[in-house]
There are 2 protein chains.
Amino acid sequence: MTIGIAIIGYGKIARDQHVPAIAANDSFRLEAICTRGPVSDAPVPVFDNAAAMFGALGASVQAVVVATPPGPRFALAEAALAAGRAVLLEKPPAATLGEVDALVRQAHERGLALYAGWHSQHAAAVQPAARLLAGRTVGRLRIRWHEDVRVWHPGQDWVWDAGGLGVFDPGINALSIASAILPAPLIVGGACLSVPANRQSPIGAEITFSGIDGAASFNWNHTGAEEWTIDIDTADGLSLSLREGGARLFVGGAEQRLDGAGEYPSLYRRFAGLVNARAVEVDAEPMRIVADAMLVARRGAAPAFHWNGTDA
Amino acid sequence: MTIGIAIIGYGKIARDQHVPAIAANDSFRLEAICTRGPVSDAPVPVFDNAAAMFGALGASVQAVVVATPPGPRFALAEAALAAGRAVLLEKPPAATLGEVDALVRQAHERGLALYAGWHSQHAAAVQPAARLLAGRTVGRLRIRWHEDVRVWHPGQDWVWDAGGLGVFDPGINALSIASAILPAPLIVGGACLSVPANRQSPIGAEITFSGIDGAASFNWNHTGAEEWTIDIDTADGLSLSLREGGARLFVGGAEQRLDGAGEYPSLYRRFAGLVNARAVEVDAEPMRIVADAMLVARRGAAPAFHWNGTDA
């Protein structure tokens, strides 16, 4: 029996990733889309609120994916759980750690599946790297996540709002990989944020980690080729490099052959298993690291940010 | 058998609270003080680092209290646990949630007592209020924590540094009471911070909570009498007011008689029990709420802060 699923929030990530991943997965059938924005390209019925959708479609929708910006995600997920639907959350799973905790409690209470889907954790290098690092001690860690916000979030002002995370929106993908593969939790030692004078959220972040020689550099004002790299040296001499966001893995400089279904196809495969088992799988570590960085960060002013250099 | 204890960090709170509370508790004997600052009023031997103190005093010191500013607290607590000593942490227990998690793991691994001591949770009104609220639904919550930083932290620049928490340093006391007495976790809905133009940490914070009519107002630029008040109305018509930081309790407007040993004496009584049981008691909720507020907060600039209006 396939799982009827609805997409709540129909933006770039829903169109680019969720629709094709659902279409390619035999366990799911896309039943509806719920969005307040105008839609001309929807392959299924469109509703402007979830309550109306649940009412109209009834038991044919057993699960939802919440792919809105992080701000409204909690309320939408709560409502879906209250309506008895399994929930897949885009990353980050909610706006705060308290919201994540509350959703976990509610899913357990109702016996419903809840999955905090960190798509980067499904990159091909992640499981092989985790296996290689298990039981070792990390000596050195360097994360570089440099990309151009104008390319990856064109015109999306919510990324700059309070709670929009700024450069931590991509940076949390790096942290979701690092926390999945490292043999010990990352502890933030300090952080410096660069916040554009006309925005609330950082365009750049430099983080240091305690107990290891560890640093992360997040830059959203980077033009040219993206760099999404995690380099790790272990105390016993193993040298790993995850490149292109975890798509490629180098060990001691030699590229490894990787198998992988692709991030979102792998993520939906996992979600199908959780729905059928009515299980909860929520990794809050990447958000915990970001929250800790924000808690201790020194903030400095960066030049005002404009999408095209002239607009407000 | 009494517990030999050393105080690490000998500032205002150590002198005003820890020394007299230890002296008044038959379970403890103060063995040493560890501080890098000059000390002329110490009642016991003074060391300038903990390793030297543990080496010199050996098994006569079984426990330490870490009463430094939050920044170095983690490294000092880690070292004390590694040296086999029980640890009491002043509030907040560390600088980040990750540090708190790590200390909990280390204490469990070593079978040592660890206590995150939130002194305000030992105020006389807290346990009676928690009993009154158990099983009820909160409709309305108002927290007002208004005091003068110049009175309570005179000249202590660390409160303004990155990680120093600013007005959350007292505000977290209110949150430690609220999270202890409320029947459900507080979920931050939004926050506005006022950050002095020449400082890193907020002098004022306004927080709203989700799912209830809830708000907290923290103000560190308040002159005159302090206001440390938590007002709670339940859905079934109970009206509670905790005043003077939890020292007084009003129910339906009528003041209740309270018994209480005093905050720090009660805290040390609890710590003695944990040391003897080699137990871990760490409540991270107040820090989680502050971290969530910092994560979603809108920041606005406040006038530059100077301790006396003219100094830098």
Side-chain angles (χ1 to χ4, degrees), chain A residues 70-72 74-75 78 92 94-106 160-166 168 172 175 179 184-193 195 197 199-202 207-211 284-301, chain B residues 70-72 74-75 78 92 94-106 160-166 168 172 175 179 184-193 195 197 199-202 207-211 284-301:
Chain A
F74 172 62
E78 259 197 327
T96 65
L97 292 164
E99 289 182 351
V100 174
D101 291 346
L103 292 177
V104 168
R105 279 193 302 274
Q106 289 167 31
W160 298 113
D161 291 346
L165 292 186
F168 286 107
I172 205 167
L175 297 171
S179 64
L186 282 173
I187 299 178
V188 174
C192 284
L193 309 183
V195 183
R199 305 287 180 168
Q200 284 286 330
S201 293
I207 308 175
T208 57
F209 299 104
S210 302
E285 273 290 281
M287 278 189 71
R288 194 271 303 159
I289 299 168
V290 171
D292 281 348
M294 301 281 261
L295 198 55
V296 300
R298 165 170 288 276
R299 282 156 189 265
Chain B
F74 172 62
E78 258 197 327
T96 65
L97 293 164
E99 289 181 351
V100 175
D101 290 347
L103 292 177
V104 168
R105 278 192 303 273
Q106 290 167 31
W160 298 115
D161 291 344
L165 291 185
F168 286 107
I172 205 168
L175 297 172
S179 62
L186 282 173
I187 298 178
V188 174
C192 284
L193 309 183
V195 183
R199 306 286 181 170
Q200 283 286 330
S201 292
I207 307 173
T208 56
F209 299 103
S210 302
E285 271 291 280
M287 278 189 71
R288 193 272 303 161
I289 299 167
V290 171
D292 280 349
M294 300 281 260
L295 198 55
V296 299
R298 165 170 289 275
R299 284 156 187 263

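Computed from a predicted model, the values in this text were never measured in an experiment. Sequence lines set the chain letters: A, B, ... in the order given, protein chains first and strands last, and positions in each chain run from 1.
Between chain A and the residues B:Gly71, B:Ala75, B:Gly163, the most heavy-atom pairs under 4.5 angstrom are made by B:Gly163. Chosen from A:Leu97, A:Leu165, A:Asp161, the residue pairing most often with chain B at heavy-atom distances under 4.5 Å is A:Leu97.
When all heavy atoms are compared, the tightest approach of B:Glu99 to A:Val188 is OE2-O, 4.2 Å. Nearest heavy atoms, B:Val296 versus A:Ala162: O-CB, 3.3 Å. Across all non-hydrogen atoms, the minimal contact from B:Pro185 to A:Arg105 is CG-NH2, 3.3 Å.
For B:Phe74, the part sitting under 4.5 Å from any heavy atom of chain A is the side chain, from C-beta outward, and nothing else. Using a 4.5 Å cut-off between heavy atoms, A:Ala297 touches chain B through its backbone atoms (N, CA, C, O) alone.
Here the side chains of B:Val195 and A:Arg299 are not in contact, with every heavy-atom distance at 4.5 Å or above. In this structure, A:Leu295 and B:Leu295 have side chains that are not in contact, with every pair of non-hydrogen atoms separated by 4.5 Å or more.
Rounded to the nearest 0.5 angstrom, B:Gln200 CD and A:Leu193 CG are separated by 9.0 Å. In this structure, A:Thr96 OG1 and B:Met294 CE are separated by 14.5 Å, a value rounded to the nearest 0.5 Å. For the atom pair CG (B:Asp101) and CG (A:Asp292), the distance works out to 8.0 Å, reported to the nearest 0.5 Å.
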